[in-house]
Undergrad: 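Pasting in a structure now, in structure tokens, and then I'll have a few things to ask.
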Protein chains: 4
Amino acid sequence: MSSSDSPTSRTGRPRSTEADAAILEATRASLVDLGWSKLTMGDVATRAKVAKTTLYRRWAGKNELVVDAVAVLFDELELPDRGSLAADVQGVVLQFAALLERPETRTALMAVVAESTRDDSLRRRIRSAIVDRQKRLVLLGRERAQARGELRYEADASTAARNADLIFDVIAGAVVHRTLVSAEPVDAEWASGFTTLLLLGLAGTQEP
Amino acid sequence: MSSSDSPTSRTGRPRSTEADAAILEATRASLVDLGWSKLTMGDVATRAKVAKTTLYRRWAGKNELVVDAVAVLFDELELPDRGSLAADVQGVVLQFAALLERPETRTALMAVVAESTRDDSLRRRIRSAIVDRQKRLVLLGRERAQARGELRYEADASTAARNADLIFDVIAGAVVHRTLVSAEPVDAEWASGFTTLLLLGLAGTQEP
Amino acid sequence: MSSSDSPTSRTGRPRSTEADAAILEATRASLVDLGWSKLTMGDVATRAKVAKTTLYRRWAGKNELVVDAVAVLFDELELPDRGSLAADVQGVVLQFAALLERPETRTALMAVVAESTRDDSLRRRIRSAIVDRQKRLVLLGRERAQARGELRYEADASTAARNADLIFDVIAGAVVHRTLVSAEPVDAEWASGFTTLLLLGLAGTQEP
Amino acid sequence: MSSSDSPTSRTGRPRSTEADAAILEATRASLVDLGWSKLTMGDVATRAKVAKTTLYRRWAGKNELVVDAVAVLFDELELPDRGSLAADVQGVVLQFAALLERPETRTALMAVVAESTRDDSLRRRIRSAIVDRQKRLVLLGRERAQARGELRYEADASTAARNADLIFDVIAGAVVHRTLVSAEPVDAEWASGFTTLLLLGLAGTQEP
DNA sequence: AAATAACCGAGACGGTACGTCTGGTCTTAAT
DNA sequence: ATTAAGACCAGACGTACCGTCTCGGTTATTT
């Protein structure tokens, strides 16, 4: 997803779609090799065999470029129906942790989040490119659990949204914190312990 | 806390202790004004009315300096006995959230965490200067809850440690994620919802 | 005068003659506004409401374009018969000085001469487009003076050519140097002093 | 001669005088190899084994740097007493022509003059660094000729100054024009013809 | 009338240099 | 030995132009 959602100007030479792909690929490669702080626009351009101007024509800067380069990785996240809410939660936890262990995301994700605290447009970009991709899994998981009868349907829509947000922050926050701050592995054991804690908490809130 | 634990050399001009404080103060001020990415060593030096050399004699670089400058803010975190585990948890959540709302921490915390993914010594510094300061509150809160009879004493030490780590990652992770990634406020309502979820989860694990 | 003396290809859309004029006009305007070094092909194209491609189809580069744009100004130089060699010389000096005071020529002439020291084709273009236009005045003036009896007819053709070249370099050189290097005005007084010096010198060489 | 005539700040690391010399030397070498228009600050810095910042700390840009780099060559101009005004003039003409034939000056002199038409500070720099160095030879030559009795002492100082300026513009202008515009060699024959013309002109003005 | 061919505008392309900024080091004189 | 000051090297920044290329479209001449 390029930066500009331009009105597809009809005139002039069209932008190279190959360049787009090469740049994002090069960005990920550079992240792996150099990490966020050592990554430079010039290096990305060189790897992509593209002029620096071509980068800047599409992305305002390093932040925007990296968000887009990393965002596509979050498309890998899926939620196959594992038969129970517990299995689904544990699955998504392990899947998300695996994604965070990848060097591209490991070095980049927190960095762009840090930048986004001073840049609203960057925050919006992160939200639409990354956060929403994750949150959709939570919503999907809840629907399945409700269909299975593991969770109640919530009457009030805004309460339902608040609860989904809470669960999302708890899951994503715990996994990110464990992985990047505590720097401990998210293995099956941890995932199991976390899932138990979460589901008991959810079950408690469902009591009459 | 200065970087070098120098062997207190006896000869020559002694280091100015005022400089240390001025530098850390200037670092926080610069973080507030410029944010992490725009903060420069030269700017900090200018604000602190100190030569750049003086900075580099004490800290290896921007990362280390910022960790130390921000770490002291985490000393504010306290856990007054509010009478119940629920009150204690909610208190620490709100307190931690308030700290993350401050522009210094908001812009710096995730940034240094991101850097730490490629720098073990930085990670160790973050752990000892920041993470351990937070984790101690979890341990303290558990002890109080156990003394009150709200939680059981755990027989196995390593299980106890694992559980404490899990709870810590859940609390800190959720608050950080809510604040910085979701960019939504941690108000009393959210804190209450989160506390309920967490305590129900904990209670469930205490059942026979 | 366009760059290419194309073989007048018969087929296809012919080049716009309006574009040629608009480009040269725009080039002079840009020279006045921006000066030689700040003038860009893109700016000229924009002013002329023409695509950059259209410029490059006609001229090899900035140097060639500017020579042609400025050359036409040298067509203004004339040598009306003022009745005496002294009056003719003084007239041409003032006329040439006035041309050099124009911002277009002032900023461009020495620049293209400088470039021509490393580019033979450019030097040839300057010679045919500019220098020869000036030199013809010297030849014309000499003929008139000879017709009036103020100067002798020279027997040897090559000597005659050498002398014309010398006089040309002296006149043009002195005026250019006074105007652009010394940056002093060529007013009637200076022109008079210079003319006196030159004519006495010429007269001396005519003695038996 | 460095750009800044700073008040020789007492504090801090002093500027490297070796760097100054290396930069000017590198500039001349780059002029020889690349010519004025292809010369870049980066290339000069590389040749001088100096950081680009070091260049910009001393000179505002390419123009100023080149003027200073070339100016020193004009110190070579001398006026040994050759016994007669004619010999002195011819000597200085050939000497100046030889200087203009050098690739450094050939490519650079007219270029900076062209730039100076839009930059007064550059014009002043050229005047003090180059023009005045040449003009002093004219003044010296006139004094010698007057001492020898070849020229009269001029009563009025301002007239004397005007005449010196005129002679200077004629000599320098003719040589520059012959060399760079006409692009013909200034050999002994041309120098002789020019000297004859000039001296006859001067002699004429000395008549009662 | 259709085909051909060179033109036109717009604007993206790979490159190169710009002049500035920052990081981190080094050299002074002074403390 | 440390300090403030500031010069030093190295290298990335984001911008501006260069001269080329690629589009869709526009005139002309030639069939």
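Sequence lines set the chain letters: A, B, ... in the order given, protein chains first and strands last, and positions in each chain run from 1.
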Undergrad: Once rounded to the nearest 0.5 Å, what's the spacing between atom CD1 of A:Ile130 and atom CZ of A:Arg125?
TA: 10.5 Å
Undergrad: Report yes if some heavy atom in the side chain of A:Thr54 is under 4.5 Å from a heavy atom in the side chain of A:Arg57; otherwise report no.
TA: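 A:Thr54 reaches A:Arg57 side chain to side chain.
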Undergrad: Mapping D:Tyr56 and A:Ser16 onto DNA chain E by nearest heavy atom, which one lands closer to the 5' end?
TA: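 Going by which nucleotide is closer to the 5' end, it is A:Ser16.
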Undergrad: Show your working on salt bridge (Lys or Arg N to Asp or Glu O under 4.0 Å) between C:Asp20 and C:Arg58 and close with a plain yes or no.
TA: CA-CA 8 Å; C:Asp20 272 73; C:Arg58 290 162 162 79; 2.6 Å; yes
Undergrad: Answer yes or no: does a side-chain N or O of B:Arg57 lie under 4.0 Å from OP1 or OP2 of F:dT3?
TA: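 So the side-chain polar atoms of B:Arg57 do come within 4.0 Å of the phosphate oxygens OP1 or OP2 of F:dT3, strictly under.
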Undergrad: How many Å lie between CG on B:Leu55 and C1' on F:dT2, as a whole number?
TA: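 Taking atom C1' of F:dT2 as the reference, CG of B:Leu55 is at 14 Å.
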Undergrad: Side chains of B:Val70 and B:Leu31, heavy atoms from C-beta outward: is any pair under 4.5 Å?
TA: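 Side-chain contact under 4.5 Å: yes.
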Undergrad: In whole angstrom, give the distance that lies between atom CZ of C:Arg15 and atom C1' of F:dT29.
TA: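 Interatomic distance, CZ of C:Arg15 to C1' of F:dT29: 17 Å.
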Undergrad: Measure the distance from NZ on A:Lys49 to P on E:dG15 and round it to the nearest whole Å.
TA: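 These atoms are roughly 10 Å apart.
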Undergrad: Hey, which of these two, C:Gly61 or A:Lys62, hits DNA chain F nearer its 5' end, going by closest nucleotide?
TA: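 It is A:Lys62 whose nearest nucleotide is closer to the 5' end.
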Undergrad: Indicate the atoms forming the closest heavy-atom contact of C:Glu115 with C:Asn63, along with that distance.
TA: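 Minimum heavy-atom contact is CG-OD1, 3.4 Å.
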Undergrad: Whole angstroms only, please: what is the CG-C1' distance between C:Asn63 and F:dG19?
TA: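 From C:Asn63 CG to F:dG19 C1': 14 Å.
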Undergrad: Among residues at least two apart in sequence or on other chains, which ones pass salt bridge (charged side-chain N to carboxylate O under 4.0 Å, His left out) with D:Arg123?
TA: D:Asp120
Undergrad: Mapping C:Lys52 and D:Thr53 onto DNA chain E by nearest heavy atom, which one lands closer to the 5' end?
TA: C:Lys52
Undergrad: Would you say the side chain of C:Arg13 and the base of E:dC8 hold a donor-acceptor pair, judged only by whether the two atoms sit under 3.5 Å apart?
TA: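 No such pair is found, so the answer is no.
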Undergrad: For DNA chain F, find the residues of residues 35-48 of chain A with a heavy-atom distance under 4.0 Å and give them by number; none if there aren't any.
TA: A:Thr40, A:Met41, A:Gly42
Undergrad: Rounding to an integer number of Å, can you tell me how far B:Glu18 CD sits from F:dT2 P?
TA: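 Rounding to the nearest Å, CD of B:Glu18 and P of F:dT2 are 17 Å apart.
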Undergrad: Give a yes/no on whether any side-chain N or O of A:Arg58 is located under 4.0 angstrom from OP1 or OP2 of E:dC13.
TA: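 A:Arg58 to E:dC13 OP1/OP2: side-chain N or O found under 4.0 Å.
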Undergrad: Heavy atoms only: give me the nearest D:Ala48-D:Ala22 pair and the separation to one decimal.
TA: CB-O, 3.6 Å
Undergrad: Please report, rounded to the nearest Å, how far the C1' atom of F:dC18 is from the CH2 atom of C:Trp59.
TA: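 Going from C:Trp59 (CH2) to F:dC18 (C1'), I get 18 Å.
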Undergrad: Within less than 4.0 Å of OP1 or OP2 of E:dA12, is there a side-chain N or O belonging to A:Thr54?
TA: no
